[in-house]
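These notes concern the structure reproduced below.
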Amino acid sequence: MSRQIIIFDTTLRDGEQAPGASMDTAAKMQLARQLARMNIDVIEAGFPISSPEDFEAVSAIAKEIEGPTIAGLSRALPRDIERCWEAVQHAQKPRIHTFIGTSKVHVERRFHKTEAEVLQMAVDAVRLATSLCDDVEFSAEDAMRTRLEYLRDVVEATIEAGAKTVNIPDTVGYATPWQMYDTISYLFEHVPNIDRAVISVHCHDDLGMSVANSLAAVRAGAGQVECTINGLGERAGNASLEEIVMALRTRKDEFDADTTVNTQEIIATSRLVSMLTGFVVQPNKAIVGANAFAHEAGIHQHGMIQDRQTYEIMRPEDVGLTESQLTLGPRSGKHGLRARLENLGYQIADEEMDEVYERFVAMADKKRRIYDEDLHVIMRQAVTETVAQVWHLERVQSVTGSEMTPMALVTMRRNGGTHTRTATGNGPVDAVYNAITEIVDLELEVADYSVRSITQGRDALGEATVRVHWDGNEAAGQAASLDVIQASAQAFVSAINSLLLRDQARRTSEGEDVTDGHVL
Ligand code: KIV
Ligand code: ZN
């Protein structure tokens, strides 16, 4: 029987640390539900002491999500650990994850301490955490640049103090697969109590080796891998969950290990993360990229027709990629719609069904052929509209053509008041963005903008993604519509709303009165 590797997803914590990837509580809840549906073993829901919003999101996830262990991160400091416990204690299976840097540069330059002092802090942190919670994980931050004998002592001492999982992070993505294999093997040979804990790895992708390093650790005996959906994370990101899970499954012969992840949820989860964060997945990304299972070259297509195995090592359906289904038409009824949505993993309460059906009919009137991807958009819109908004987009009109300056007229609403502006621009989207910027009266900078079609054909929905900077912060917005100008405008307004809501939450947590004319 092959070993079961514990999959620890940190998209909501380390993934969210990617600049511009932050999610509000509603978005985090949505992702946590999807991770549970995917049968992830451990969800790291956030870093409770880092902000009141993070605390709220971790508590909300801990209260609702059943199945996976819910972990919260904390530095090796008593206040951090207590705050973490306050947030995760409601979970069916709570975990405190505490960490401290153990490499020379962390010990000496960051903490101005000795190795012995840092080791004592790690032990004290684990002892405090175990007095609160049965399941404690300790991470030796920057382990892969830590002196090996010292790392061995830290691992042994924290296991002795009660850590059930000890994580060996490659915090700066510096390791190679050989070094990782040797380090984990060394720990298994030299830590006498190692059988009392699960050894975990957590690799960053600065040199593009995070997945290889994680797999090398598994070969050397690691029992838990920390990773993120789409490899989201700080700088070059974390090891990609979908690549690790599919590598273990596809190459069982090499690893003699597997996971209990429901791989058929991979594509849906990847799309959800992309939608919630505005981080578009590159087309040639392994497993979840748009081209990952596309066989364009004639010679490949010929081989595939003879026998799929000639060029295919995984089946697209194993990651949840089905032929784009022509599912429903304008005359489909509510029962048909509900059945299809349930098939796609959506549970809809009776009182929500009328509204979902209305959206479906409105889309079917314009589009005639409704694919699964269109249904995902309808469901995302329903969720997005339940999230608090500052500005509402009421109307967008644009006029463009050859030999004329594109013009736009935009009407938006805030606090019951409507505001209309016209503007010109270098193109129709630029004109719309200029009008919106005038209305919201903020110094906004568009850092990135893209549009892609979601389904096939001339009546495909266009999905716009935009990243916006304001006042040192960045947020992404995404929206889909048959009209790409409309989608672009809505995506821009979503990003602006995220920036304003985040700003308001920050000011509220600092005790500022933010209700003066800025009621949401
Ligand atoms: O990269 C890292 O070292 C981390 C730890 C907090 C686990 O994210
Ligand atoms: Zn990390």
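In each ligand, atom 1 is the first atom listed, and ligand 1 is the first ligand listed.
- Those atoms of ligand 1 that come under 4.0 Å of a heavy atom in His204, given as number and element, are 1 (O).
- A salt bridge is defined here as a Lys NZ or Arg NE, NH1 or NH2 lying under 4.0 Å from an Asp or Glu carboxylate O, and Arg196 with Glu160 meets this definition.
- If you number the atoms of ligand 1 from 1 as listed, the ones under 4.0 Å from a heavy atom of Asp14 come out as 8 (O).
- Angle NE2(His204) to the Zn ion (ligand 2) to NE2(His202): 100° [nearest 10 degrees].
- Using a 4.0 Å cut-off between charged nitrogen and carboxylate oxygen, Asp258 and Arg249 count as a salt-bridge pair.
- Distances below 4.0 Å separate heavy atoms of Glu141 from the following atoms of ligand 1: 3 (O).
- Using a cut-off of 4.0 Å between Lys/Arg side-chain N and Asp/Glu carboxylate O, Lys93 and Asp135 are scored as not salt-bridged.
- Taking the side chain as every heavy atom from C-beta outward, Phe99 and His202 never approach each other to under 4.5 Å.
- Stacking of Arg152 on the aromatic ring of Tyr186 is not recorded, the 6.0 Å distance cut-off and the 45° axial limit not both being met.
- Of the protein's non-hydrogen atoms, Thr171 OG1, 2.6 Å is the one closest to atom 3 (O) of ligand 1.
- The atom name of the N/O/S atom in Asp14 closest to the Zn ion (ligand 2) is OD2.
- Nearest protein heavy-atom neighbour of atom 5 (C) of ligand 1: Arg13 NH2, 4.0 Å.
- Considering only non-hydrogen protein atoms, atom 4 (C) of ligand 1 sits nearest to His202 NE2, 3.4 Å.
- The heavy atom nearest to atom 7 (C) of ligand 1, considering only Ser139, Ala140, Ala143, Gly173, is found in Ser139.
- No salt bridge links Arg271 with Glu463; every basic N to acidic carboxylate O contact stays at or beyond 4.0 Å.
- Leu35 has its side chain within reach of Ile229: a pair of non-hydrogen atoms, C-beta onward, lies under 4.5 Å apart.
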